There are 2 protein chains.
Amino acid sequence: MSVHCQKCPLRRRPAFKQLTEDELSFMDSFKMGELHVDAGAPVILEGSNSPHFYTVLRGAGMRDKGLADGRRQVVNFIFPGDLVGLQSGLLGEMKHGVEAVSDMALCVFSRERLWELFRQHPERAYDVTWLAATEERSLGEALLSVGRRAAKERIAQLLIYMLRRAVESGFTKDEARMRFPFRQQDLADAAGLSSVHTNKTLQALRRQGMIRLDAGELEILKPAALGELAEYSEPVDPPGRPLL
Amino acid sequence: MSVHCQKCPLRRRPAFKQLTEDELSFMDSFKMGELHVDAGAPVILEGSNSPHFYTVLRGAGMRDKGLADGRRQVVNFIFPGDLVGLQSGLLGEMKHGVEAVSDMALCVFSRERLWELFRQHPERAYDVTWLAATEERSLGEALLSVGRRAAKERIAQLLIYMLRRAVESGFTKDEARMRFPFRQQDLADAAGLSSVHTNKTLQALRRQGMIRLDAGELEILKPAALGELAEYSEPVDPPGRPLL
DNA sequence: CGGAGGATTGAGAATCTTCAATAAACGTGG
DNA sequence: CCACGTTTATTGAAGATTCTCAATCCTCCG
């Protein structure tokens, strides 16, 4: 029993762009069903060529890439509203995997109908492109972090980013606090650090009273100081984020 | 005196998707003119909000991001056929800059007419999205490199990638060799390494007879060995790359 | 209660950085 | 065509950040 787009709880959030009744009913017809994935399980395998792509309805996850010897890079974290699996829809093969970090629910779309969307709903097509460009922007930011920032700056940047995404997407109600189902290893793999050094860096941030991170919860205690450390600039996405 | 799309030399290359006469004449009307930029000069400034976006016609460049204290990350290298400045067209502001490494020529498009393209030419809109997704894929690959690969592997990966792009885009005729206008500092900023260490890494690759890099030219002498080092997998982009 | 996965800690080792100096390459004007 | 200034490449050495190893602790769960 999957949720109809017309009464999708996500769409009620102000962070997302509102659609007209007509658009909603098209999206509803576009939606094939829902996928529910347990925490820790893969949503999409790297290298796969799935006939579906998805919008995250509930829960958080991550995109990651692996090397043959087990080294892993987390490419981005995923929150409600994110479009996932577009690569296989457009390019034929996923070059990163997606896994659930908490239990997730995703709306399922058929890649075959993507073309129909482009032809019949240019506004939705524009939205897809908007999301792709935004994802590219995030990866650019991550690349700058991993390539040029020191460990403490990277972790600061990541935590701020994750909290912002969590707030915008409604993953958390609180402005400064969120449920944090990620492991330190996940942070490490996103920051390009070892888990040991990530742990020590987190300790340092705690000692400075910048953050709290325990019992599966993250709180940013000194947003200004942490933001300065990360040299973080709020991206200005004036209109609501599109939601497929 | 700018080139008409109908007789664009780039389009003749097999690597690019062919358009019909109708499509070509639309693209030609879409094209506002040409921009010529000298080597070393900026094409787009980070943080700018330009009314234009571009397709690279000739020459090579790079996308980069900077931090306040001067640290810089090269986010990607740019070759003919690449779409540049789409971020400002879609999202309102460039989060990376673009600079010319050799003299460049670019076709100029108006961001205002991007919407018209989406509405009236869904196939071209699809192409734009394809290009955005491909760019995202490249950044993911770069992120994996910088985050998890050792220096030698990173440089190997970069050189292979650059040569492949150069070949596909027609920047070079040769399969194993290219004109190489980039500085070691640029490689370093792309790999997330210091220029000193980049230099020493290049020496090591030379000593192993893997590459030749001098006199502004790069040659890959042992593609198999270098590819294995980089754990490089050829991306399969079966149909031609779209060219706006 | 026992086990498993994750967090934490300490210590030694490695990769990579920074500093600083020299050499080579390149472009420009005479 | 040469001298000269500027940029880029190269090299050595010392130092720092970050990594690996390995042990311990903790928490959660069946």
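Bear in mind that the values here come from a model prediction, so they are computed numbers and not experimental data. For the numbers below, each heavy atom of this structure counts, side chains included, while hydrogens, waters and symmetry mates do not.
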From B:Ser2 atom OG to B:Met32 atom CE, the distance as rounded to the nearest 0.5 Å: 11.0 Å
Atom pair CD1/NE2 of A:Ile44 and A:His96 - distance to nearest 0.5 Å: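 Here the rounded value is 6.5 Å.
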Gap between atoms [atom1] and [atom2], on [X] and [N] respectively (whole Å):
| X | N | atom1 | atom2 | result |
| --- | --- | --- | --- | --- |
| B:Arg212 | D:dA9 | CZ | P | 15 Å |
| B:Lys152 | C:dC16 | NZ | C1' | 15 Å |
| A:Asp186 | C:dA7 | CG | C1' | 13 Å |
| A:Phe182 | C:dA7 | CZ | C1' | 18 Å |
| B:Glu153 | C:dT15 | CD | C1' | 13 Å |
| A:Arg71 | C:dT15 | CZ | P | 13 Å |

Contact residues, residues 191-207 of chain A to DNA chain C [heavy atom, < 4.0 Å]: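 By residue number: A:Val196, A:Asn199, A:Lys200, A:Gln203, A:Arg206.
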Only distances under 3.5 Å count here; give the side-chain donor-acceptor pairs of residues 140-151 of chain B to other protein atoms, sequence neighbours excluded, each with its distance to 0.1 Å.
{"residue": "B:Glu141", "atom": "OE1", "partner": "A:Lys65", "partner atom": "NZ", "Å": "3.1"}
{"residue": "B:Glu141", "atom": "OE2", "partner": "B:Arg149", "partner atom": "NH2", "Å": "3.0"}
{"residue": "B:Ser145", "atom": "OG", "partner": "B:Arg149", "partner atom": "NE", "Å": "2.9"}
{"residue": "B:Arg148", "atom": "NE", "partner": "A:Arg72", "partner atom": "O", "Å": "2.9"}
{"residue": "B:Arg148", "atom": "NH1", "partner": "A:Leu193", "partner atom": "O", "Å": "3.3"}
{"residue": "B:Arg148", "atom": "NH2", "partner": "A:Ala188", "partner atom": "O", "Å": "3.2"}
{"residue": "B:Arg148", "atom": "NH2", "partner": "A:Asp189", "partner atom": "OD1", "Å": "2.7"}
{"residue": "B:Arg148", "atom": "NH2", "partner": "A:Leu193", "partner atom": "O", "Å": "2.7"}
{"residue": "B:Arg149", "atom": "NH1", "partner": "B:Ala230", "partner atom": "O", "Å": "2.5"}

Closest contact, heavy atoms only, B:Ser88 versus B:Ser50: OG-O, 3.3 Å
Pairwise 5' ranking along DNA chain C for B:Ala151 and A:Gln184, keeping only the more 5' one: A:Gln184
Listed pairs, N/O of protein and of nucleotides 22-28 of chain C, under 3.5 Å:
none

Sub-4.5 Å side-chain heavy-atom contact between B:Met162 and B:Leu187: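 Result yes, sub-4.5 Å side-chain heavy-atom pair found.
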Contact check, side chains of A:Val56 and A:Phe79, non-hydrogen atoms, under 4.5 Å: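 No - every pair of side-chain heavy atoms lies 4.5 Å or more apart.
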Pairs of donor and acceptor atoms involving the side chains of residues 204-212 of chain A, under 3.5 Å and at least two apart or interchain, shall be tabulated with distances.
{"residue": "A:Arg206", "atom": "NH1", "partner": "A:Leu213", "partner atom": "O", "Å": "2.6"}
{"residue": "A:Gln208", "atom": "NE2", "partner": "A:Ala204", "partner atom": "O", "Å": "3.3"}
{"residue": "A:Arg212", "atom": "NE", "partner": "A:Glu219", "partner atom": "OE1", "Å": "3.0"}
{"residue": "A:Arg212", "atom": "NH1", "partner": "A:Asp214", "partner atom": "OD1", "Å": "2.9"}
{"residue": "A:Arg212", "atom": "NH2", "partner": "A:Glu217", "partner atom": "OE1", "Å": "2.8"}
{"residue": "A:Arg212", "atom": "NH2", "partner": "A:Glu219", "partner atom": "OE1", "Å": "3.1"}

Residue whose closest nucleotide on DNA chain D lies nearer the 5' end, A:Ala150 versus B:Gln185: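 Nearer the 5' end of the strand: B:Gln185.
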Axial bend angle, the helix from C:dC1-D:dG30 to C:dG30-D:dC1: five-pair end segments, nearest 10°: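 The value is 40°.
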Polar contact flag, side-chain donor to acceptor under 3.5 angstrom, A:Asn199-A:Gln184: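 Their side chains do contain a donor-acceptor pair, which is all the 3.5 Å distance test asks for.
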Contact list for residues 222-232 of chain B, test salt bridge (Lys or Arg N to Asp or Glu O under 4.0 Å), sequence neighbours left out: none
Pair B:Tyr54 and B:Phe109, ring centroids less than 6.0 Å apart: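 No, ring centres 6.0 Å or more apart.
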side-chain hydrogen bond (donor to acceptor under 3.5 Å, both in side chains) between A:Glu135 and A:Asn76, intermediate numbers included: CA-CA 9 Å; A:Glu135 184 69 17; A:Asn76 205 355; 3.0 Å; yes
